[in-house]
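Heads up: the structure comes next, in structure tokens.
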Amino acid sequence: MDFSIKTFDAKNTISSSKSGCIVVGVYENKKLSTAAKALDVSGAISAALKSGDITGKAGTTLLLRDIAGIGSERVVLVGLGSDAKLSEKTYLSATQAVAKVLANIGAADAIIALPADEVKDRDINWAIQSAVLALRETGYRADTLKSKKDSSSRGVKKIAFAIPAVLAASVKTTLVQSQAIANGMELTKDLGNLPANICTPSYLATTAKKLAKDYKMAVEVLDRKQLEALKMGSFLSVTNGSVQAPKFIVLKHMGGKAKDAPTVLVGKGITFDSGGISIKAGAGMDEMKFDMCGAASVLGTLRAIGELKLKLNVIGVIAACENMPSGSATKPGDIVTSMSGLTIEVLNTDAEGRLVLCDALTYTERFNPAAVIDIATLTGACVVALGHHNSGLFTRDDSAHDQLATQLLAAGKASGDTAWRMPVEEAYQEQLKSNFADLANIGTPGAGSVTAACFLENFTKKYTWAHLDIAGTAWKSGGAKGATGRPVPLLTTYLINKAQ
Ligand code: BES
Ligand code: MN
Ligand code: ZN
């Protein structure tokens with residue numbers, strides 16, 4: 001998909017402009033938006049409204065063809081609700097409806113002339129980015145492994161946003177950023193959607209190497225021997241039952257000054273989580289191929305900032321392996337020694353994410369990071385707590401961490417990829433006590449997503465750290481099953497803000 005900006009003036013009018021399709025808004029009380037008025041030279045649009053063919057309700061659409069007196073072949077009317085105020089929600093449902101229409105018509109190009117600068121409490125940059133992400137989401141197909149491809153050749157490929165001339169400069173930057181975010185999300189979705197027999201730890205490593213080549217990043221992939229030398233006993237304990245080789249991936253985008261402390265993104269990369277000896281129930285177990293979505297979001301975010309040539313030092317760290325049962329698998333009750341030296345009693349082999357992350361978090365100390373954010377499909381309990389709207393954001397609550405939390409929450413709000421803050425508190429450590437080791441890998445019942453975060457906290461004492469539990473937001477189940485690309489928008493927006 002190709003996006004651009006179009007500005008209109010007295011000479012170069014919206015009605016004379018030639019395109020395969022032009023999209024304008026109409027309101028519930030039969031009022032026309034400014035752009036719709038400009039196209040209503042023959043009265044065809046007001047007639048359509050009057051006839052009741054379109055109500056103007058948010059998200060309704062009507063396609064008209066060959067209207068006399070205008071240059072575009074088609075006009076798509078889209079409902080914007082009440083004309084009193086254009087809310088964020090109404091605008092989003094309108095853009096989603098437009099994306100669906102544009103995906104299914106014969107036009108090669110389209111102009112979207114919605115009142116993007118009139119959304120309440122939001123600016124035009126937000127509106128344009130939301131539209132780009134909605135259009136790219138609708139155009140996304142997970143059909144690389146189908147012998148008959150979904151009808152992706154159809155649909156509009158070239159889209160211009162009609163905007164006021166004074167806003168063109170800032171929207172131009174937004175378009176570049178939005179497309180980078182969409183490209184990053186696409187990589188994250190592709191990796192998430194691939195099955196575990198293809199998207200192995202080695203496949204993730206190959207993808208990281210390809211990114212390094214494409215965007216001039218440094219990459220390092222550590223194998224089992226090197227992980228043993230680093231004494232990553234916790235990470236390695238998860239891979240014991242698998243025939244797939246574990247990979248520890250370090251991908252560096254050093255766009256800032258050499259001396260600047262990097263921001264480190266640490267991703268959980270369990271390419272399949274069977275639960276191990278504490279094996280999961282059969283129903284829906286296929287979805288545990290998505291247990292590497294944290295890792296995929298790290299790669300997607302690095303892709304986005306690589307494309308943007310972001311002036312910031314960002315390091316991606318990924319602990320990738322499978323969690324499988326076998327005669328050599330870790331058993332409940334086994335005690336392992338983490339890279340930090342802390343011993344861990346593995347009471348449940350299905351709580352493996354924290355076991356791979358703790359060693360990755362200890363490894364990360366060597367970068368003297370400005371901030372560390374880990375991203376993980378860590379707990380089913382987080383889905384119980386927050387559902388599928390918000391990722392869980394966990395940080396300590398001193399002022400440095402409050403500041404990091406505020407920045408991450410704001411980045412989520414701005415990009416429509418929201419998170420909700422949850423506690424990290426000393427009191428919960430009580431639940432992680434073991435009779436035989438320094439820590440147990442599961443907590444006593446209650447606050448499962450919090451005790452998981454508090455487990456990780458033990459390994460993050462040396463830097464400012466946040467944990468994003470994306471168990472409820474990284475993929476969708478049911479008929480819409482598939483990776484979402486979250487939290488690439490949140491992370492990329494946070495990093496863009498930080499680079500400014
Ligand atoms: N990958 C899962 C978390 C998960 C489960 C994400 C379902 C999304 C949907 C994780 O490794 C896991 O199995 N966690 C256990 C922890 C428990 C054993 C303390 C869980 O959530 O049940
Ligand atoms: Mn698990
Ligand atoms: Zn898992």
Side-chain angles (χ1 to χ4, degrees), residues 192 196 199 201 204 234-235 237-242 244 246 266-297 318-325 329-334 344-360 374-392 394 422 428 431-434 439-456 467-478 481-484 486-487:
C199 187
L204 290 177
S234 183
F235 174 32
S237 77
V238 176
T239 194
N240 280 346
S242 168
Q244 288 293 340
V266 179
K268 169 180 173 182
I270 300 295
T271 56
F272 192 75
D273 180 13
S274 69
I277 296 298
S278 313
I279 199 161
K280 288 182 181 290
M285 208 207 272
D286 66 290
E287 295 192 7
M288 282 300 117
K289 72 172 183 177
F290 293 117
D291 212 19
M292 34 55 72
C293 281
S297 76
I318 289 168
C321 72
E322 273 185 347
N323 185 23
M324 296 292 280
T330 297
K331 303 165 289 297
D334 285 2
I344 303 163
E345 185 182 15
V346 182
L347 288 173
N348 188 320
T349 64
D350 198 10
E352 85 297 340
R354 62 198 80 182
L355 294 177
V356 306
L357 285 173
C358 70
D359 281 346
D374 80 70
I375 308 103
T377 49
L378 202 63
T379 64
C382 191
V383 191
V384 175
L386 297 174
H388 304 286
H389 300 294
N390 287 294
S391 300
F394 300 77
M422 303 275 281
Y428 294 92
Q431 287 178 250
L432 290 164
K433 289 226 157 108
S434 157
L439 278 169
N441 81 324
I442 56 169
T444 52
S449 68
V450 182
T451 53
C454 289
F455 177 94
L456 296 177
H467 158 61
L468 283 169
D469 193 331
I470 57 166
T473 52
W475 76 89
K476 288 181 179 162
S477 306
K481 193 192 288 180
T484 59
R486 294 177 68 180

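Computed from heavy atoms alone, side chains included, the values below leave out hydrogens, waters and symmetry copies. Remember, it's 1-based here, ligands and their atoms both numbered in the order they're listed.
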*Spacing of Ile344 atom CD1 and Asp359 atom CG [to the nearest 0.5 Å]*: 7.0 Å
*Quick one: pull up CG in Leu355 and CD in Glu352 and give me the separation to the nearest 0.5 Å.*
7.5 Å
*asked:* Between Ser391 and Thr473, do the side chains contain a donor N or O and an acceptor N or O under 3.5 Å apart?
replied: yes
*Lys268 near the Zn ion (ligand 3) via N/O/S, less than 2.8 Å*: yes
*Between the Mn ion (ligand 2) and Asp291, is there an N, O or S atom separated by less than 2.8 Å?*
no
*Check Asp291 and report its N/O/S atom nearest to the Zn ion (ligand 3), by atom name.*
OD2
*Find, among atoms of Glu352 that are N, O or S, the one nearest to the Zn ion (ligand 3), and state its name.*
OE2
*Using distance alone, with no hydrogens and no angle criterion, decide if Asn348 and Ser278 have a side-chain donor and acceptor under 3.5 Å apart.*
yes
*When rounded to the nearest 0.5 angstrom, what distance separates CD1 in Ile277 from NZ in Lys331?*
8.0 Å
*Going through the checks in order, is the salt bridge (charged side-chain N to carboxylate O under 4.0 Å, His left out) test met by Asp286 and Lys481?*
CA-CA 11 Å; Asp286 66 290; Lys481 193 192 288 180; 2.8 Å; yes
*asked:* Need the atom name: nearest N/O/S atom of Glu352 to the Mn ion (ligand 2).
replied: OE1
*Can you find a side-chain donor-acceptor pair between Asp469 and Ser449 that sits under 3.5 Å?*
no
_Distance alone, cut at 3.5 Å: any donor-acceptor contact between the side chains of Glu287 and Ser477?_
yes
Could you list each nitrogen or oxygen of ligand 1 that sits under 3.5 Å from a protein nitrogen or oxygen, with the atom names and the distance?
unit_1	atom_1	unit_2	atom_2	d
ligand 1	1 (N)	Lys268	NZ	3.3
ligand 1	1 (N)	Asp273	OD2	3.2
ligand 1	1 (N)	Asp291	OD1	2.8
ligand 1	1 (N)	Asp291	OD2	3.0
ligand 1	1 (N)	Thr377	O	3.3
ligand 1	11 (O)	Lys268	NZ	3.2
ligand 1	11 (O)	Asp273	OD2	2.9
ligand 1	11 (O)	Asp350	O	3.1
ligand 1	11 (O)	Glu352	OE1	2.8
ligand 1	11 (O)	Glu352	OE2	2.9
ligand 1	13 (O)	Lys280	NZ	2.8
ligand 1	13 (O)	Asp350	O	3.0
ligand 1	13 (O)	Asp350	OD1	2.8
ligand 1	13 (O)	Asp350	OD2	3.2
ligand 1	21 (O)	Gly380	N	2.7

_Atom name in Asp273, limited to N/O/S, at shortest distance from the Mn ion (ligand 2)_ = OD2
*Taking the inter-plane angle between the rings of Trp475 and Phe290 on a 0 to 90° scale, is it parallel (under 30°), tilted (30 to 60°) or perpendicular (over 60°)?*
parallel
_Suppose we only allow N, O or S atoms; which atom of Asp273 ends up nearest to the Zn ion (ligand 3)?_
OD2
